[in-house]
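Below are the structure tokens for one structure; questions will follow.
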Amino acid sequence: MTASTSQAGPTPSALRRQLAALVAVVAVADFAFGAVNVVHMTSAGLAPPTIGLVLAVAGIASTVVEAPSGALGDLFGQRRMLVVGLVLWGSGQLLFSAASSAWTIAIALVLWAAGIACYSGMPYAMVINGLRAAGRDDLIASTVRRTHVTRWIASAAGALAVFLLVDAADTGMVIAVASVLLLLLAGWVRLTWAESPRRAGRVRDTLLEGARAAVVGELRVIAVVTAISSAGFAVVVLSWQPLAVEAGLPVPSLGAVLVVFTVASAGGAALARFGERRHRAAVTVGTLTLAAVLCTAGWGAAAVVVTLVVGQTALGFVLTVVGMWSHATFPDHLRSTMVSIMGVAGGLSMALTDAVFGVLWSATSITTATGISGVALLALLAAVSPLLLARPVTTPAGALDPTAQTSPSTSDAPARAGGEQP
């Protein structure tokens, strides 16, 4: 083996396998935690208002850490931030599994939320940039799509495991096992993943550059659809359990229902292959479908089933297309920063949707609130239709790539979308 070969980075196939394996295990661990965390808090004696308060504190912590974590990854190494994220995430969950007081649970959830924020976007950024460096831009869309499918299938496996085993195991034990998986992943990433190149600069300047990029050209459209799709996601997450119960499904069957929904989301992600080169049209059709089925939630038990299954499929489709569109457009030197900024936009949208939906649900009923949310989603889509119907905007390379001014040949704008600007 020559020196140049020994120093070469991982092959595109290896990068894709690494990403799929990481996302699959993280999905199982995350799903196991999400399936029992509220039950664990109630078992520890926390009242509903206290549970809401500690979750709100965790949400604030996640938002505060999200944007700077992306800039830190772009500047000082994405693998480093990925490992930090997994360690904080796993440690927070491990503390949570043994916590028995509101203060301990709050501290655990802050660590958990900060870890998720540091992890967010780092695996994709590392692998997509690795594919770009290897000249395999043609693999970006399929990598994002297949990884989304893998994540949903792994989530379904996690849901099935929780459904089958949660009665036989203590919730704290379930969460502790999930925590150990995350900590083992941190060690695997540190020992086997290659570090991304470091870049000179300051976190503040990198964040400002990313923020300016997010409000112009094609990235502005992506920011808008990210916020809208996140609002749709929040409605589905909040409504599916009470809708299913109101439709007559017994509470113990909700675990099995969740398995069906995650499989439906995986199917939607797989269908996103038809939107690889038609991002705007695909997002529009998927969001229209989601909004339309939400509007039918009050039409009876059969309509609820259609709402949930078709809605989950449409959601999986839209989120995957937005992911492909984003990574086809983000500049390499700001990839983690842009993922984090879009994450903040999506998180704020979800928080606002949660608050409004809660008020609607309290004032009317779950079916009415869901139907109104569908109408609101249609109205939002109509409001942004001028952006979606406009011709795609090609941002000048020099506006986002600091090397373009001195080295025009390094511009990768056309190749980034496989010859077509999304």
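The first residue in the sequence is number 1, and the count goes up from there.
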Check: For T143 and R16, does a side-chain donor sit closer than 3.5 Å to a side-chain acceptor?
Finding: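 There is such a pair (donor and acceptor under 3.5 Å, judged by atom type) between the side chains of T143 and R16.
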
Note to self: With a 4.5 Å cut-off on side-chain heavy atoms, are V237 and F233 touching?
What the structure shows: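 Yes. Closest side-chain heavy atoms under 4.5 Å.
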
Next item on the list: Kindly indicate whether the side chain of L109, heavy atoms from C-beta on, has any atom under 4.5 Å from the side chain of V57.
Entry: no

Next item on the list: Locate the shortest heavy-atom distance separating W152 from A269; write the atom from each residue and the value.
Entry: CD1-CB, 4.1 Å

Next item on the list: Establish, from distance only, whether the side-chain atoms of T329 and E218 form a donor-acceptor pair under 3.5 Å.
Entry: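 T329 vs E218: no donor-acceptor pair found between side chains.
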
Margin query: Could you check whether W112 and F96 have their ring centres less than 6.0 Å apart?
Written below: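 Between F96 and W112, the centre distance exceeds or equals 6.0 Å.
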
Note to self: Is it true that T11 and S13 share a donor-acceptor pair across their side chains at a distance under 3.5 Å?
What the structure shows: no

Check: Heavy atoms, side chains only, cut-off 4.5 Å: are V359 and V356 in contact?
Finding: no

Margin query: Within the structure provided, determine whether E66 and C118 are in side-chain contact (heavy-atom separation under 4.5 Å).
Written below: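 Contact flag for E66/C118 side chains = no.
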
Check: For the side chain of S340 and the backbone of S336, is there at least one donor-acceptor N/O pair under 3.5 Å apart?
Finding: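 Indeed, once roles are kept as given, a pair shorter than 3.5 Å links the two residues.
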
Checklist line | Atom of L381, atom of L288 and distance for their closest heavy-atom approach | finding: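 Taking every non-hydrogen atom into account, CD2-CG, 3.4 Å.
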
Item checked: L94 side chain reached by S91 side chain, heavy atoms, under 4.5 Å ->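 Of all side-chain heavy-atom pairs linking L94 with S91, none is under 4.5 Å.
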
Check: Between CG of L95 and CD1 of I175, what distance do you get to the nearest 0.5 Å?
Finding: 11.0 Å

Item checked: Salt-bridge present (E209, R202; N to O < 4.0 Å) ->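 No, this pair does not count.
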
Check: OG/S239 to CG/L308 distance, rounded to the nearest 0.5 angstrom?
Finding: 6.5 Å

Next item on the list: Please report the shortest heavy-atom distance between A272 and M324, naming the atom on each side.
Entry: O-CE, 3.3 Å

Next item on the list: Answer yes or no: is there a donor N or O on one side and an acceptor on the other, between the side chain of T287 and the main chain of T284, under 3.5 Å?
Entry: no

Notebook entry, point to check: How far does CG of L15 sit from CH2 of W193, to the nearest 0.5 angstrom?
Noted result: 8.0 Å

Notebook entry, point to check: Which of these passes side chain to side chain contact (heavy atoms under 4.5 Å, CB included) with L319: V322, L315, V321?
Noted result: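 Between L319 and the candidates, side chain to side chain contact (heavy atoms under 4.5 Å, CB included) is satisfied uniquely by L315.
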
Note to self: Rounded to the nearest 0.5 Å, what separates atom CG in L184 from atom OG in S179?
What the structure shows: 11.0 Å

Notebook entry, point to check: Does E195 reach the main-chain N or O of Q78 with its side chain, forming a donor-acceptor pair under 3.5 Å?
Noted result: yes

Margin query: Hydrogens and angles aside, do T368 and S365 bring a side-chain donor and acceptor to less than 3.5 Å of each other?
Written below: yes

Next item on the list: Let me see the working for F76 and M81 under side-chain contact (heavy atoms from CB on, under 4.5 Å), right down to the final yes or no.
Entry: CA-CA 8 Å; F76 303 115; M81 288 306 302; over 6 Å; no

Next item on the list: Report yes if the side chains of L387 and V224 come closer than 4.5 Å at any heavy-atom pair, otherwise no.
Entry: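 L387 vs V224: side chains touch.
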
Margin query: Working note: I128 + F330, criterion side-chain contact (heavy atoms from CB on, under 4.5 Å); need CA distance, chi angles, decisive distance, verdict.
Written below: CA-CA 10 Å; I128 298 301; F330 291 161; over 6 Å; no

Next item on the list: Compare all side-chain heavy atoms of W240 with those of T307 and state whether any distance is below 4.5 angstrom.
Entry: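 They are not in contact (no side-chain heavy atoms under 4.5 Å apart), so the answer is no.
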
Next item on the list: State, to 0.1 Å, how close A214 and A223 come at their nearest heavy-atom pair, and which atoms those are.
Entry: O-CB, 3.9 Å

Item checked: Donor-acceptor under 3.5 Å (T226 side chain, I222 main chain) -> yes

Item checked: Interatomic distance, L360 atom CG to I372 atom CD1 [nearest 0.5 angstrom] ->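 Spacing of CG (L360) from CD1 (I372) equals 5.0 Å.
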
Checklist line | R190 CZ: over 12 foreign heavy atoms closer than 6.0 Å | finding: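 No, the 6.0 Å shell around CZ holds no more than 12 heavy atoms from other groups.
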
Margin query: Using only atom types and a distance under 3.5 Å, with no angle test, would you say the side chain of T150 pairs donor to acceptor with the backbone of R146?
Written below: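 Looks like yes, one N/O pair under 3.5 Å.
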
Margin query: Quick check against the 3.5 Å criterion: does T313 have a side-chain atom that pairs as donor or acceptor with the backbone of S265?
Written below: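 No.
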
Item checked: Residue pair H333, T206: steps toward the side-chain contact (heavy atoms from CB on, under 4.5 Å) verdict -> CA-CA 9 Å; H333 73 290; T206 302; over 6 Å; no

Check: Can any side-chain N or O of S385 pair as donor or acceptor with the backbone N or O of A382 at less than 3.5 Å?
Finding: yes

Next item on the list: Identify the two heavy atoms, one from D138 and one from R136, that lie closest to each other, and give their separation to 0.1 Å.
Entry: OD2-NH2, 2.8 Å

Notebook entry, point to check: Is R132 salt-bridged to D137, going by a charged N under 4.0 Å from an acidic O?
Noted result: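 Yes, R132 and D137 are salt-bridged.
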
Check: Is there a side-chain contact (heavy atoms from CB on, under 4.5 Å) between I116 and L88 once you walk through the steps?
Finding: CA-CA 8 Å; I116 292 175; L88 288 175; over 6 Å; no

Margin query: Nearest 0.5 angstrom please: D30 CG to S155 OG, how far?
Written below: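 OG of S155 is found 7.5 Å from CG of D30.
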
Next item on the list: Check A314 against G286 and note the closest heavy-atom contact, atom names and distance.
Entry: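 Closest approach of A314 to G286, heavy atoms only: CB-O, 3.7 Å.
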
Checklist line | Enclosure of R273 CZ (heavy-atom neighbours >12, cutoff 6.0 Å) | finding: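 For R273, atom CZ is not crowded (no more than 12 foreign heavy atoms under 6.0 Å).
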
Margin query: With a 4.5 Å cut-off on side-chain heavy atoms, are V339 and S326 touching?
Written below: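 The answer is no, as the side chains (C-beta and beyond) never meet within the 4.5 Å cut-off.
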
